[in-house]
Amino acid sequence: MSYTILEKKQIAPQVHLMKVLAPDVAKAAKAGQFIILRIDETSERIPLTIADFDADEGYVTIIFQEMGKTTKQLAQMTDRDVLLDFVGPLGKPADVRKLGTVILVGGGVGIAPVYPQVKAYRDAGNKVISVIGARNKDLLILEDEMQAASDELYIATDDGSKGHHGFVTDVAKKILDSGEKIARIVVIGPPILMKVAAGMTAPYGVETIVSLNPIMIDGTGMCGGCRVSVGGETKFACVDGPEFDAHKVDFNLLMSRLGLYRPEEAQCQENHQCTCRSGN
Amino acid sequence: MMAARQAMPHQDAKERTRNFDEVALGYTEEQAIAEASRCLECRNPKCVQGCPVEIDIPGFIAQMKAGDFDEAIATIKLTNSLPAVCGRVCPQEVQCEELCVLAKKGEPVAIGRLERFCADHERKKGVAAPVRAQSTGKRVAVVGAGPASLTAAADLAKEGHAVTMFEALHDTGGVLTYGIPEFRLPKSIVRDEVEYIKQLGVDVKVDYIIGKIKTLEELKNDFDAVFLGTGAGLPKFMGIEGENLNGVYSANEFLTRVNLMKAYRFPDYSTPIKRGKHVIVVGGGNVAMDAARSALRLGAEEVSIVYRRGEDELPARKEEVENAKEEGIIFRLLTNPVRILQGDNMTVKGVECIRMELGEPDESGRRSPVPKAGSEHVIDADIVIIAIGTSPNPMILSGSDGLKVSPRGTIVVDESAKTSIGNVCAGGDAVTGAATVISAMGAGKLAAQTINDYLRNN
């Protein structure tokens with residue numbers, strides 16, 4: 001198969017947005033689900049959470065950060081280029097219901113998967129307080145979209161270049177301390193952020209949901225590579241998730257498994273760069 | 001005196017552990033005719049009864065004797081759309097060849113190798129495009145693209161039905177592509193066999209997930225009939241300590257990385273795999289053998305099979321066990337893992353095992369293993385591959401109310417492959433749990449007959 005990139009733009013340093021023509025996926029997609037793509041024959045299959053979708057126009061939006069060989073290669077692609085594979089929607093949709101007031105927290109590129117959830121929670125009749133953050137203001141993505149979709153929006157940056165000087169979890173804690181009744185917190189971002197958030201909300205007894213993005217291959221429950229430990233039980237993030245109760249997730253295991261191929265990844269990038277150089 | 005069975009030429013054991021090329025090289029023309037000539041042409045041939053897809057075995061062998069290989073492959077293809085695959089991976093020793101009259105006194109005719117020869121002979125010449133059947137105007141959806149689905153799709157297309165095949169992965173072939181390694185079943189062969197099925201008129205849609213893009217409910221409304229060949233899914237783990245450590249793989253993941261994603265060609269292909277020094281594979285089936293032999297080819301110094309029963313109980317094909325032994329795989333039989341030991345940074349450093357004794361036969365008829373107290377011992381390992389089977393894939397079941405499934409999660413069918421839903425049939429591992437390629441193909445064939453009868457009458 002092949003899937004055309006309708007639009008690709010850089011939205012922050014090393015962060016890119018891509019609209020991909022995939023009408024079947026766009027029609028079936030729901031907030032919280034993910035896709036798996038493969039650039040070409042020799043490429044890996046990489047999972048990315050859906051950042052937006054338009055069933056009428058038939059496209060799905062993904063947002064990714066340049067991390068390894070595959071995402072760097074993806075960043076080189078442009079409008080009208082084609083991806084060899086783009087499969088989904090995968091995983092269970094987010095459990096969006098009318099709950100009252102919910103806080104949605106997005107860190108770094110984690111803001112991307114939070115965005116469709118903000119819209120979905122609003123559509124379901126909730127008051128949505130969003131908290132987004134990044135290392136600095138240049139890395140902050142989707143601010144306008146989040147502003148438009150949320151009832152309230154708070155910003156945090158690690159260096160204080162915009163909004164609260166500190167972490168999104170600090171801001172979320174303040175909201176919890178303000179006494180407003182919060183029915184649920186959804187946190188999506190780097191595993192360390194989700195871990196810290198889980199620890200922060202636990203004493204408040206507020207239901208906390210995280211979306212996990214472990215290494216996976218097929219995304220359909222076949223390989224078991226994406227297994228995570230939740231409440232002491234082994235779950236497959238691709239079919240049992242990707243969303244889980246943050247208070248039950250073993251984040252240390254998640255983080256260690258995410259680092260599994262770091263040596264190979266380094267080797268692969270080195271090789272990739274060598275190829276580029278020899279081509280010059 | 002009875003002529004001896006022709007030995008299969010193999011790639012040298014030392015040589016082959018350093019590559020992923022096919023191990024068995026196939027008969028020469030002379031060997032093929034000599035082997036075919038061993039067939040006694042029984043008046044009442046038993047071999048056919050052992051074939052789940054009912055190949056006219058004496059028929060094609062007689063044609064081979066006469067050197068007419070083109071006719072022989074045509075005979076095989078009347079009932080089997082995947083002969084190059086079956087000739088390689090069918091367990092003939094417990095099917096057609098077990099019933100061969102020669103097996104009573106000596107070695108049976110090497111039916112599988114002859115089938116393989118015919119298929120390869122045709123492939124070398126270039127497979128002629130089949131004539132498409134007259135259209136019936138009926139539409140059938142086939143879910144999955146493994147052996148059961150490919151067989152069902154081919155048989156239905158031959159009847160003139162418009163078949164659309166939906167596959168979740170980016171490539172067709174199911175376990176033939178992601179599971180069975182290149183050295184046992186070259187992927188070019190699977191591709192060619194799938195190409196033949198496409199030429200019969202089957203429309204193949206990859207990257208298409210039934211249960212997500214379309215529910216079964218929608219599918220059965222959109223099509224006149226549906227076949228579910230979704231295969232075995234979720235890999236089983238043992239539930240022992242340390243199973244989520246870095247370096248513990250399910251056989252499915254390990255083999256999918258190697259075969260589907262071509263991790264053995266990393267970094268030319270981007271999918272990585274851990275190449276262990278000391279690898280332990282838990283299990284004794286064909287999948288365990290495939291995983292062990294793949295690990296060896298990836299450069300492991302020592303690869304062991306850990307299996308809780310004895311040599312006689314190994315579920316793998318004898319031929320594959322022999323191949324594995326020749327290549328230097330260590331068999332630690334009557335041994336069972338108790339826990340996986342943790343090294344630095346959540347990696348694996350070894351497996352604590354316990355020795356087993358065989359007790360009374362269990363419900364499977366095999367003597368059940370019992371742990372021997374005090375026999376715990378540690379085997380060094382940095383990679384552990386769990387190959388103890390799979391349970392059915394749950395994905396298809398989302399949005400399919402009314403589809404009856406067993407407590408194990410397998411789809412329930414009657415003797416004609418019908419599920420609890422009117423125009424929906426199922427077969428293969430999704431129904432039986434993990435089994436062989438040929439039994440899945442037999443089920444696909446049966447389902448195609450049932451669907452064909454149904455479509456003719458409706």
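Here is the naming used below: chain letters follow the sequence lines, and residue numbers restart at 1 for every chain. This is a predicted model, so every value here is computed, not measured.
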| Do B:I209 and A:V87 have side chains that get closer than 4.5 Å, going by heavy atoms? |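 Yes, at least one pair of side-chain atoms sits under 4.5 Å.
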
| said: Within the structure provided, determine whether B:M261 and A:I217 are in side-chain contact (heavy-atom separation under 4.5 Å). | reply: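 When only atoms from C-beta onward are counted, A:I217 and B:M261 do touch, with a gap below 4.5 Å.
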
Nearest atoms (heavy-atom pairs only) where [X] meets [Y]:
| X | Y | answer |
| --- | --- | --- |
| A:G221 | B:P235 | O-CD, 3.7 Å |
| B:V248 | A:R227 | O-NH2, 2.9 Å |
| B:Y269 | A:E41 | CE2-O, 3.4 Å |

| Does B:N252 reach the main-chain N or O of A:M222 with its side chain, forming a donor-acceptor pair under 3.5 Å? |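 Pair found, side chain donor or acceptor close to backbone of A:M222.
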
Answer with side chain, backbone, both or neither: which region of [X] has an atom nearer than 4.5 Å to a non-hydrogen atom of chain A?
| X | answer |
| --- | --- |
| B:F254 | neither |
| B:L255 | neither |
| B:L245 | backbone |

Hey, what do you get for [atom1] ([X]) to [atom2] ([Y]), rounding to the nearest 0.5 Å?
| X | Y | atom1 | atom2 | answer |
| --- | --- | --- | --- | --- |
| B:T271 | A:E44 | OG1 | CD | 5.0 Å |
| A:K27 | B:I213 | NZ | CD1 | 10.0 Å |
| B:K214 | A:D24 | NZ | CG | 7.5 Å |
| A:Y261 | B:S270 | OH | OG | 13.5 Å |
| B:K212 | A:K30 | NZ | NZ | 9.0 Å |

What part of [X] gets closer than 4.5 Å to chain B, counting heavy atoms only: side chain, backbone, both or neither?
| X | value |
| --- | --- |
| A:N252 | backbone |
| A:Q33 | side chain |
| A:I215 | side chain |
| A:R38 | side chain |

Looking only at the side chains, is there a donor atom on one of [X] and [Y] sitting less than 3.5 Å from an acceptor on the other?
| X | Y | value |
| --- | --- | --- |
| B:N244 | A:T234 | yes |
| A:Y3 | B:D207 | yes |
| B:N345 | A:S256 | no |

| B:K349 NZ: over 12 foreign heavy atoms closer than 6.0 Å | no

| query | Counting only heavy atoms not in B:K187, do more than 12 fall under 6.0 Å of its NZ? | reply |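 Counting other residues, nucleotides and ligands, NZ of B:K187 exceeds 12 neighbours.
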
| message | If the threshold is 4.0 Å, N to carboxylate O, is there a salt bridge linking B:K274 and A:E264? | response |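 A salt bridge links B:K274 with A:E264.
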
| Under the side chain to side chain contact (heavy atoms under 4.5 Å, CB included) criterion, do B:H170 and A:I36 qualify, and how do the steps go? | CA-CA 10 Å; B:H170 60 254; A:I36 285 183; over 6 Å; no

| query | Pick from A:G224, A:A29, A:G259: which one has the most heavy-atom pairs with chain B under 4.5 Å? | reply | A:G224

